[in-house]
Amino acid sequence: MTAHPHDAPGPDSLDDLFGDAPAPRPSFAGSGRGEAQNGLLKGLNPEQLAAVTLGQEPALILAGAGSGKTRVLTTRIAWLLNQGLATPGGIMAVTFTNKASKEMLTRLSAMLPYNVRGMWIGTFHGLCNRFLRAHWKLAGLPQGFQILDASDTVSAVKRVIKAMNLDEERFVPKQVSWFIAGAKEDGLRPKDIDLRDEQTRKLADIYQAYEDQCKREGVVDFAELMLRAYELLRDNAALREHYQHRFQYLLVDEFQDTNKLQYAWLKMFAPPGRGQGVFAVGDDDQSIYAFRGARVGNMSDFEREYRVHRVVKLEQNYRSYGHILDAANELISRNSHRLGKNLRTDMGPGEPVRVNEAASDFNEAQWLLEEAQALHRQGLARSEIAILYRSNAQSRVIESALFNAGIPYRVYGGLRFFERAEVKHALAYLRLIENANDDTSFLRVVNFPARGIGARTLELLQDAARQSGRSLYQSVAAVPGKGGSNLAAFVNLVESMRNLTQGLTLREIIEQMLATSGLADFYRTDKDGAERLENLDELVNAAEAFVTQEGFGKDAVALPVDELGAAGGFTPGQIAAGDPPAIAAVTLTPDAETGEIVSPLAAFLTHASLEAGDNQAQAGQDAIQLMTVHSAKGLEFDAVFITGLEEGLFPHENSLSDGDGLEEERRLMYVAITRARQRLYLSFSQTRMLHGQTRYNVKSRFLDELPEASLKWLTPRNQGFGSGFAREYQQAWERGSGLKSMVGAGRVERQAPAWQQEREGKDAPSFGGAPVPKTMKQAAAAKVGDEHGGLRVGKPVFHNKFGEGVLLTLEGSGPDARAQVNFGRHGTKWLALAVAKLTPID
DNA sequence: TTCGTGGGTATTTTT
DNA sequence: TACCCACGAA
């Protein structure tokens, strides 16, 4: 595949790269510059070219889905270097995900003839980490600070709440940690919190206590990485000046996803008016993370504050056919406050967007899999087929359908590698080797495997630690009796682990730890520990890969000298004015005073926190891709199914209450649609099992917001809403028998009904949703619920004010007769039949 | 200390 | 429905 950065051709030594001279090196391309230039810019469309070759000015790039955004970003970096406008040390490029930054590095190393590792390209958090490792002393952090991931943070907060003797009902650890992260992302420290009520006052107290605890334990959470870096730059003029001088060009990916703090952080590196080339790339229509603090408004703020002269719009789409883009454009045009953008394609209209209505969620799943199989038979790789849904709970039916049919599939989301319990246990031991005062890690493994250290003992220990203000590890001696001696034994274990691992390679350290801690033995004897053992083996492999990649040992990673000089304390005078600075070959950041190099173990632990790794699904196998719409962002597939297009689900009911909620849902739908290259399927179901209850749903309003001309209904429109068959089918499904029993009983034939064959042509894939013999359908319909003046439970009705709905319940008789109707976007309502005009729809 | 049970609760999530 | 968590019993 793509060359690894280390394999990239070109200069090996750092001197070759930057030389000793303070002046910027001339272009590496030498005499061949013209040719290289042509190659670089070849094939860019005019807008892309304009974006890539912008000068040193603030720029806002509105990059539509599939418009070649990553290419523009990487080409611009290469172009800047190639032109001699910037040096590798003078460029910073920020992304949100590790995946995106890796992609950028990979592409760059293919475009550039040298090692791009020393460049400041990474995620917001990754770069903050790098920055704080270099300036740990100025930032007031211990040199080997560790990073808490989301679940570590919650358990740390939980400990604080317990220690403060607060009611966990009132202060739910998860919510409190969310509050703290939210505050940090708004740049607020405990003292800055607006104490508007008692609850908030308490929350601020918890926040303070949590901060103290983190400090004591030498750990930082994700939000802290950002905030600490921001504050350090804000409060240290010399340092700020240095970095502003150093980074002449900044590039930010997915700018619409930045939160308040990230934007403020960026402004520290490149404030408006400082003249740096800030290149912000984003798409307001793809902003789907407002719920976790992203501010689309940062885009227009940026445009205003930086006085952006020209907004470059990348509207040429290279991904999808016309009908798909028409659907996307039409849908998103319903949103207000857009920056304005319309995707276009040269690829022709392609196939229409297919819409399917299913009787039940089970039916929908069955249809999905048969349609997907048909696509596969037509030659489409399974990995090119994605099934998207709004919420994770929806995957279950689909999974079981695929599983029963023996079709390989891969579900995104769920536990990732470094989040698995056994891996976290192993990491906790490793962290204790590095820093025994890490109470989170201590508590995680002090009694795992079991060592007779129970809740009571730990309570005593925590009391002692709290009183002396020391870590649990340091307080062990204060616990008397048997518990105390067991604790002492644990401390001895950790000590011996530390001694035994002195001077070993990372791989050996981990192997030693697995043996000494008893983890390996524990899982070996555990009856279902086999898979966990495998994961621990995998951890060893991951460490090995990390060592190779990061270039510990012979292959030193280069860091500019300012990061060296700055380590442990920043002296402005130390740094030459010229950029790039001289380079020293080191691994990570050594301490300026002692020259000690951060251990591979410490680096690996940081890596483990910052990058949770892949989730379980085995790569390699050709499998259908299942994921939420959120996790599909940034991906593309030949065929995409968007499922569960029902009011209440998509748009989700919880989103409708807050102001911008519906628009964000619509953007989500927009993201979903624009994932598809060739074929797009939309589906919804009349009934769905949710939280143990059958829900009768109305189709999503988003279906009505798509252009008729681009749609092709696979099922008759609006037919059979809550049809009798759906109910009977649902009952069979509830009995746990489902399709099989109905087929077995000879009641369902597995073939496409006549109307289906007519619409799709005889070569069309067979209809998956358990086609119904006519007699069966009639029989089922006859059985359905109560009847009242032509109204039937489970049938669609029309109301003058609320429009179309599904009749859920009929109660009472005569003047008391009441009906419960689900009107979708208008909610579920009780109506007095004597008053309300309800007409059955057929 | 472990196991069983009952209650509460159910978008979306990277780092 | 299904999972997680807290709590109580053995």
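Values in this document were obtained by computation on a predicted structure and should not be read as measured data. Because only heavy atoms are used, hydrogens play no part in the values below, and waters and symmetry mates are left out as well, while side chains stay in. A note on names: the letters A, B, ... follow the listed sequences, proteins ahead of strands, and every chain is numbered from 1.
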Establish, yes or no, whether the cationic atom of A:Arg334 lies under 6.0 Å from the six-membered ring centre of A:Phe702 and within 45° of the ring axis.
no
If you measure only the distance, is there a donor-acceptor pair under 3.5 Å linking the side chains of A:Arg295 and A:Asn298?
yes
Cation over ring, A:Lys260 on A:Tyr263, under 6.0 Å and within 45°?
no
I'd like a table of donor-acceptor pairs (distance under 3.5 Å, sequence neighbours excluded) in which one partner is a side-chain atom from residues 173-188 of chain A, with atom names and distances.
| from | atom 1 | to | atom 2 | distance (Å) |
| --- | --- | --- | --- | --- |
| A:Ser177 | OG | A:Lys174 | O | 2.9 |
| A:Lys184 | NZ | A:Asp221 | OD1 | 3.2 |
| A:Lys184 | NZ | A:Asp221 | OD2 | 2.9 |
| A:Lys184 | NZ | A:Glu224 | OE1 | 2.7 |

Atom CD of residue position A:Glu531 - does it have more than 12 heavy atoms of other residues, nucleotides or ligands inside 6.0 Å?
no
Select from A:Ala393 and A:Glu185 the residue whose nearest nucleotide in DNA chain B is closer to the 5' end of that strand.
A:Ala393
Nucleotide B:dT12, atom P - distance to OH of A:Tyr412 in whole Å:
18 Å
Syn or anti for B:dT11, please, going by whether the chi angle lies within 90° of 0.
syn
Would you check if the distance from the ring center of A:Tyr409 to the ring center of A:Phe403 is below 6.0 Å?
no
Any residue meeting side chain to side chain donor-acceptor pair (under 3.5 Å) with A:Asp253, in chain and number order, not counting sequence neighbours:
A:Lys69
Just how far, in rounded Å, is C1' of C:dC5 from CD of A:Glu169?
11 Å
Distance check needed: B:dT15 C1' versus A:Leu610 CG, whole Å only.
6 Å
Below the 4.0 Å mark, does B:dT14 have OP1 or OP2 next to a side-chain nitrogen or oxygen of A:Arg416?
yes
To the nearest Å, give me how far apart CZ (A:Arg292) and P (B:dT13) are.
9 Å
A:Val220 and A:Leu148: CA distance, side-chain angles, deciding distance, side chain to side chain contact (heavy atoms under 4.5 Å, CB included) verdict:
CA-CA 6 Å; A:Val220 298; A:Leu148 302 181; over 6 Å; no
For A:Phe124, which contact category applies under a 4.0 Å heavy-atom criterion: base, sugar-phosphate, or nothing?
nothing
Taking only heavy atoms on the protein side, list every residue of residues 629-637 of chain A lying under 4.0 Å from any atom of DNA chain B, sorted numerically.
A:His630, A:Ser631
What do the steps show when you test A:Gln686 against A:Lys699 for side chain to side chain contact (heavy atoms under 4.5 Å, CB included), and what is the final call?
CA-CA 8 Å; A:Gln686 297 157 13; A:Lys699 72 173 190 293; over 6 Å; no
Among side-chain atoms of A:Ser631 and A:Thr628, is any donor-acceptor pair under 3.5 angstrom?
yes
What's the CD-C1' distance between A:Glu168 and C:dC4, to the nearest Å?
14 Å
Roughly how many Å is it from CD in A:Glu419 to C1' in B:dT15, rounded to a whole number?
10 Å
Side chain to side chain contact (heavy atoms under 4.5 Å, CB included) between A:Thr440 and A:Val219, worked out:
CA-CA 9 Å; A:Thr440 305; A:Val219 296; 5.5 Å; no
Give me the atom names and distance for the closest heavy-atom approach of A:Pro651 to A:Arg701.
CG-NE, 3.8 Å
Which residue is it: A:Phe291, A:Tyr389, A:Tyr412? I am looking for the one with a ring-ring contact (aromatic ring centres under 6.0 Å, His included) to A:His630.
A:Phe291
Contact list (N/O, under 3.5 angstrom) for nucleotides 7-11 of chain B vs protein:
| from | atom 1 | to | atom 2 | distance (Å) |
| --- | --- | --- | --- | --- |
| B:dA10 | N3 | A:His691 | ND1 | 3.4 |
| B:dT11 | O4' | A:His652 | NE2 | 3.3 |

I'd like a list of close polar pairs between nucleotides 1-4 of chain B and the protein, N/O only, cut-off under 3.5 Å.
| from | atom 1 | to | atom 2 | distance (Å) |
| --- | --- | --- | --- | --- |
| B:dT1 | OP1 | A:Asn447 | ND2 | 3.2 |

Proximity to the side chain of A:Met689 - top-ranked nucleotide from C:dC3, B:dT15, C:dT1:
C:dT1
Aromatic contact between A:Trp136 and A:Phe145, with the criterion being ring centroids under 6.0 Å apart: yes or no?
no
A:His125 atom NE2 is separated from B:dT14 atom P, nearest whole Å, by 12 Å
Using a 4.0 Å heavy-atom cut-off across all strands, classify A:Asn98 as base, sugar-phosphate, or nothing.
sugar-phosphate
Cation-pi check, A:Arg667 onto A:Tyr670 ring (under 6.0 Å, within 45° of axis)
no
In whole angstroms, the gap separating P of C:dC4 from NZ of A:Lys158 amounts to 13 Å
Under 4.0 Å, heavy atoms only, any strand: does A:Phe291 hit a base, just the sugar-phosphate, or nothing?
base
What does the list of N/O pairs under 3.5 Å between the protein and nucleotides 8-10 of chain C look like, with a distance for each?
none

